[in-house]
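Here is the structure we will look at.
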Amino acid sequence: MTDVFGLSHKDTSPVSGQTKHEQVVFCSDERSGLHAIIAVYNTALGPSLGGTRFYPYGSEQAALADVLNLSRAMAYKNALAGLDLGGGKAVIIGDPATDKSEALLRAYGRFVQSLGGRYFTACDVGTYSEDMDIVARESSYVTGRTLANGGAGDSSILTAYGVFQGMRAAAEHVHGTSTLRGRRVGVEGVGKVGHRLVDHLVEDGAEVVICDVDEQAVERVRRRHPQVEVVADQLALTSLDIDVYAPCALGGALDDETVARLRAGIVCGGANNQLAHPGVEKELADRGILYAPDYVVNSGGVIQVADEIHGFDMDRAKAKATKIYDTTLKIFVAAAEEGVPPAVAADRLAERRMSEVGRIRGIWLGR
């Protein structure tokens with residue numbers, strides 16, 4: 001049996017062994033092949049919201065470590081995005097290319113529904129808006145649905161837009177101008193978010209270098225932007241003379257070795273949980289590399305799907321996502337004033353809002 005609260009430090013990254021989750025639910029339906037975990041980190045600001053990741057984890061322990069980390073990050077992301085939502089996340093263990101089916105997704109929807117609104121789900125790695133339409137046939141707590149079904153559609157649209165806003169803020173803080181024109185930006189991972197980020201960067205006049213393990217993803221970008229440079233892998237990308245490194249693949253991209261060889265002055269990307277372990281944020285600061293906290297700059301997606309809960313309006317959601325620029329700048333200023341890395345300053349701002357607003361929500365309003 002997996003010990004939910006007994007994970008050792010070596011088993012997880014930034015939030016190893018933390019025991020503050022309100023609820024962790026293991027979901028299994030043998031007939032459909034569903035094996036999933038839903039983690040609710042907290043509901044201080046409101047019901048938890050976070051995507052469903054469909055991924056072939058090597059073990060249940062690895063899946064659990066990921067969902068605990070991701071759900072905690074969602075609490076901080078939602079807090080700094082100004083949303084009245086707590087942090088949650090779900091993972092489905094399996095290969096989406098071979099294991100995903102209508103029956104599995106509907107079984108998963110039943111488990112989401114069983115939580116009675118404590119957790120709203122949405123898309124993540126391995127799941128799409130069309131999948132959320134199927135989940136929603138069994139649950140009323142689903143966001144990120146297709147436009148045809150009244151949803152917000154593909155959340156990578158505002159995720160990429162928000163990352164670009166965060167990158168503009170970083171450029172303003174470092175170079176005194178918010179444009180990336182003439183800057184060399186290395187994008188690792190050009191999937192759902194990364195390829196849209198490339199669009200924004202090229203439009204702004206940046207020189208873009210990319211890498212991805214998926215050759216089809218690379219070719220899609222090259223067909224759209226033939227001028228984009230392609231390198232073999234993350235090692236090659238992070239060894240280049242670039243101004244900005246944008247990790248947009250899976251988490252843990254910033255480990256000791258990567259930080260040591262990195263030549264970029266700014267790190268700002270769409271991937272979740274980019275810091276491989278506690279202390280990496282200080283290594284970046286010590287090397288004079290400005291790190292835009294991932295859960296701040298990639299919050300455009302959750303802003304997009306959260307807007308769907310009360311009736312989606314893209315203009316309204318995009319206006320909220322545009323504020324990521326201001327929030328990111330605020331964090332850089334606070335970090336400089338307090339003498340701490342931006343990741344620490346961001347955590348403090350998020351924790352302050354969860355504490356102050358969460359306390360107010362505890363005032364009894366009667367029955």
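Just so we're clear, the structure is a prediction, and the values are computed from it rather than from any experiment. Just so you know, these numbers use all the heavy atoms, side chains as well, and skip hydrogens, waters and symmetry mates.
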Close side-chain approach of [X] and [Y], heavy atoms under 4.5 Å:
| X | Y | result |
| --- | --- | --- |
| Ile266 | Val174 | yes |
| Val230 | Cys211 | no |
| Thr52 | Cys123 | no |

For residues 78-86, dump all side-chain donor-acceptor pairs below 3.5 Å to protein atoms at least two apart in sequence or in another chain.
unit_1, atom_1, unit_2, atom_2, d
Asn78, ND2, Leu49, O, 3.3
Asn78, ND2, Met74, O, 3.3
Asn78, ND2, Gly86, O, 2.7
Asp84, OD1, Arg353, NH2, 3.2

Discussion item. Check whether Tyr41 forms a cation-pi arrangement with Lys89 (NZ or CZ under 6.0 Å from the six-membered ring centre, at most 45° off the ring normal).
Written reply: no
Fill in: Asp241/Arg263 salt bridge by N-O under 4.0 Å criterion
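Yes, this pair counts.
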Worksheet item: Taking only residues two or more places apart in sequence, or in another chain, which ones meet Tyr76 in a side chain to side chain donor-acceptor pair (under 3.5 Å)?
Response: Arg72, Glu351
Worksheet item: Should Tyr55 and Val193 be regarded as members of a common hydrophobic cluster, given that ILVMFWY residues are connected when their side-chain heavy atoms come within less than 4.5 Å of each other, either directly or indirectly?
Response: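 Per the 4.5 Å side-chain linkage, Tyr55 and Val193 are not co-clustered.
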Worksheet item: Under 4.5 Å between side-chain heavy atoms, hopping through other hydrophobics if needed: is there a path connecting Val185 to Val198?
Response: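 The answer is yes; both residues are in one hydrophobic cluster.
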Worksheet item: For Gly88, does its backbone N or O pair with a side-chain atom of Ser71 as donor and acceptor, under 3.5 Å?
Response: no
Discussion item. For Ala103, give me all partners under side-chain contact (heavy atoms from CB on, under 4.5 Å), at least two apart in sequence or on another chain.
Written reply: Ser32, Ser101
Worksheet item: Apart from Ile363 itself, what residues make up its hydrophobic cluster, given side-chain heavy atom links below 4.5 Å?
Response: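 Its cluster partners, ordered by chain and number, are Ile360.
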Item to complete: Starting from Tyr128, walk the hydrophobic network (Ile, Leu, Val, Met, Phe, Trp, Tyr; side-chain heavy atoms closer than 4.5 Å) and list everyone else you reach, by chain and number.
Response: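 In the cluster with Tyr128 there is nothing else; it is isolated.
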Worksheet item: Among Arg53, Lys100, Arg145, which one satisfies salt bridge (Lys or Arg N to Asp or Glu O under 4.0 Å) with Asp131?
Response: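 Only one of Arg53, Lys100, Arg145 forms a salt bridge (Lys or Arg N to Asp or Glu O under 4.0 Å) with Asp131, namely Lys100.
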Distance-only donor-acceptor pairs under 3.5 Å for side chains of residues 323-344, two or more places apart:
unit_1, atom_1, unit_2, atom_2, d
Thr327, OG1, Lys323, O, 3.2
Thr328, OG1, Ile324, O, 2.7
Glu338, OE1, Arg348, NH1, 2.7

Worksheet entry | Rounded distance (nearest 0.5 Å) linking atom CD1 of Ile134 with atom OG1 of Thr127 | 11.5 Å
